[in-house]
Amino acid sequence: MRAPPLQQSPQFARALAAYGTPLRSTAPVVLSRRFAPFGAIDFASRIRVEDLRLRPHLLNLEAPAPAAMRRAGYVQILTAAHVAEWDLTMPDLRATMHPKWRNQLRKGAAAGLDLRITGWSGAAHPLFTHAEAQARARRYRAYPTALLQHFARANPGAALLAEARAGAALVAACLVLRHGPTATYQTAWASAGGLACNAPRVLLTHMAEHLQTLGHSTFDLGMIETDHAPGLARFKLGTGATSRTLGGTWLALPWR
C-alpha cells in the first residue's frame with residue numbers, strides 16, 4: 001500500500017492541531033470549518049477512497065476511483081491534478097535525470113556553492129520572508145509559515161532546511177518535511193544570482209541524496225501544472241521524477 005501523503009500523515013495532523021485547526025478526525029485527517037450559511041463543512045485533502053467512512057463534504061482524492069466515488073454519492077467538481085514523485089530507491093539518482101537538467105546541475109556544482117542541511121526547529125529564517133513575497137507576487141496560496149513552524153515543533157527532526165550560499169550570501173534555500181518513508185518538498189526560494197548559477201538544482205539534488213541516507217524511498221516534489229507553471233513543471237520532472245495523476249476534487253451529494 002502506498003504511504004500516506006503529507007496531508008494525511010500523523011505528523012501533519014499534529015501540526016494542524018497545534019496550529020488550532022478544528023479537526024473532525026486525525027486518521028484520516030479531516031478538517032472541519034464553519035461557513036455561513038452552510039454550517040460545518042468537513043474537508044479532506046489527498047484522502048484514499050478506502051478512508052471515506054467519515055464522508056467529508058468536500059475532498060481531494062489521492063488516486064483515481066471515479067466509479068467508487070459515484071457509488072458513495074459524490075460528484076466530481078474539479079479534474080485531477082498531477083504530482084511529481086522522485087523515486088529515491090535508485091542507487092544513482094543522476095542516471096535518470098533529463099540530460100539538459102543534469103548538464104545544468106554539473107555547471108551549478110562547478111560554482112563552488114556552500115551547501116548545508118540542518119534540522120529546522122521553527123526559528124525565523126529568510127527563506128520564509130522571500131517565499132511569502134514570492135507567493136504574493138505570483139498569486140498562489142501556500143501553507144502559512146506559522147503552520148510550518150508548528151510542524152517543526154510538533155515533530156522534532158522532521159523538518160529539514162537546506163541552504164546554498166555563495167560566499168556569505170544566501171542564494172537559495174528550501175524546506176523539506178519528513179513523514180514516514182516519504183519526504184515532501186514544501187517551500188523553496190532562490191535569488192537571481194542563485195538561479196544564474198543553478199543553485200536550485202544543486203540544492204535539490206543534495207537534499208535528495210541526503211534523504212536517501214535517511215532511508216526515505218519517495219521524494220514528493222508537489223503539484224505540477226504544465227499550463228500555468230510550465231517552467232516549474234519542467235524543473236521538477238527534469239530530476240527524473242514521474243508524474244502521477246491524483247483523483248480529482250469531489251463533493252458529497254445529497255448535502256447532509
Side-chain angles (χ1 to χ4, degrees), residues 1-85 135 140-155 158-159 175-187 218-225 228 243-256:
M1 182 182 296
R2 182 182 297 275
L6 172 68
Q7 296 86 342
Q8 287 298 323
S9 68
Q11 293 85 351
F12 196 62
R14 285 193 287 270
L16 288 170
Y19 184 58
T21 301
L23 296 174
R24 185 181 175 201
S25 168
T26 58
V29 178
V30 179
L31 288 64
S32 184
R33 295 284 181 88
R34 298 196 69 84
F35 291 95
F38 304 105
I41 295 179
D42 297 337
F43 170 73
S45 182
R46 293 186 64 173
I47 193 172
R48 301 183 308 166
V49 70
E50 296 89 348
D51 293 329
L52 292 183
R53 60 188 179 276
L54 296 178
R55 192 173 165 77
H57 299 97
L58 185 67
L59 61 89
N60 295 323
L61 199 61
E62 175 67 357
M69 291 300 293
R70 293 189 184 102
R71 285 195 302 270
Y74 284 82
V75 293
Q76 188 168 4
I77 59 173
L78 288 175
T79 56
H82 297 79
V83 65
E85 294 178 334
Y140 65 81
R141 296 183 64 183
Y143 288 136
T145 299
L147 173 60
L148 302 178
Q149 290 173 317
H150 280 295
F151 183 98
R153 293 164 184 161
N155 303 285
L175 176 71
V176 169
L177 304 181
R178 304 171 61 203
H179 46 102
T182 303
T184 294
Y185 185 61
Q186 184 56 53
T187 306
T218 304
F219 196 0
D220 184 338
L221 300 184
M223 300 296 177
I224 49 174
E225 298 181 277
H228 298 102
S243 172
R244 183 171 67 83
T245 304
L246 301 182
T249 302
W250 296 77
L251 179 70
L253 290 178
W255 193 269
R256 56 172 172 79

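For the atom pair CD1 (I41) and CG (L31), the distance works out to 12.0 Å, reported to the nearest 0.5 Å. If you take CD1 on I224 and CD on E85, they are separated by 10.0 Å, rounding to the nearest 0.5 Å. With rounding to the nearest 0.5 Å, the separation of CG in L246 from CG in L78 is 12.5 Å.
A side-chain hydrogen bond (donor to acceptor under 3.5 Å, both in side chains) check over residues 7-21, counting only residues at least two apart or in different chains, returns the pairs R14-N155. Annotation: side-chain hydrogen bond (donor to acceptor under 3.5 Å, both in side chains) contacts involving residues 142-151, sequence neighbours excluded, comprise E132-T145. Applying the side-chain hydrogen bond (donor to acceptor under 3.5 Å, both in side chains) test to pairs two or more places apart or on separate chains, those with a residue in residues 63-83 are H82-T245.
The minimum heavy-atom distance between L54 and R24, with the atom names listed, is O-NH1, 2.6 Å. What you find for V49 and L61 is that their closest heavy atoms are N-CD1, 3.7 Å. Of all heavy-atom pairs between L147 and A15, the closest is CD1-O, 3.8 Å. Scanning both residues, L23 and A13, for their nearest heavy atoms gives CD1-O, 3.8 Å. The two residues R33 and P22 have their closest heavy-atom pair at NE-CD, 3.8 Å. The two residues P28 and S25 come nearest to each other via the heavy atoms O-OG, 2.6 Å.
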- [ ] Check the pair R2 / T218 against side chain to side chain contact (heavy atoms under 4.5 Å, CB included), numbers first and verdict last.
- [x] CA-CA 10 Å; R2 182 182 297 275; T218 304; 5.9 Å; no
Open item on the list: Using side chain to side chain contact (heavy atoms under 4.5 Å, CB included), reason through T26 and L16 one step at a time and then give a plain yes or no.
Closed with: CA-CA 9 Å; T26 58; L16 288 170; over 6 Å; no
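Between Y185 and F219, the ring-plane angle classifies as perpendicular under the 30° and 60° cut-offs.
At a threshold of 4.5 Å between non-hydrogen side-chain atoms, the residues L52 and I47 count as touching. Using a 4.5 Å heavy-atom threshold, the side chains of W250 and P56 count as separate.
Partners of T184 under the side chain to side chain donor-acceptor pair (under 3.5 Å) rule, at least two apart in sequence or in another chain, are H179. Applying the side chain to side chain donor-acceptor pair (under 3.5 Å) test to R46 and every residue at least two apart in sequence or in another chain returns E62, D220. When the side chain to side chain donor-acceptor pair (under 3.5 Å) test is applied to T249, the partners found at least two apart in sequence or on another chain are N60.
When atom types are taken as modelled, the side chain of H57 and the backbone of A252 share no donor-acceptor pair closer than 3.5 angstrom.
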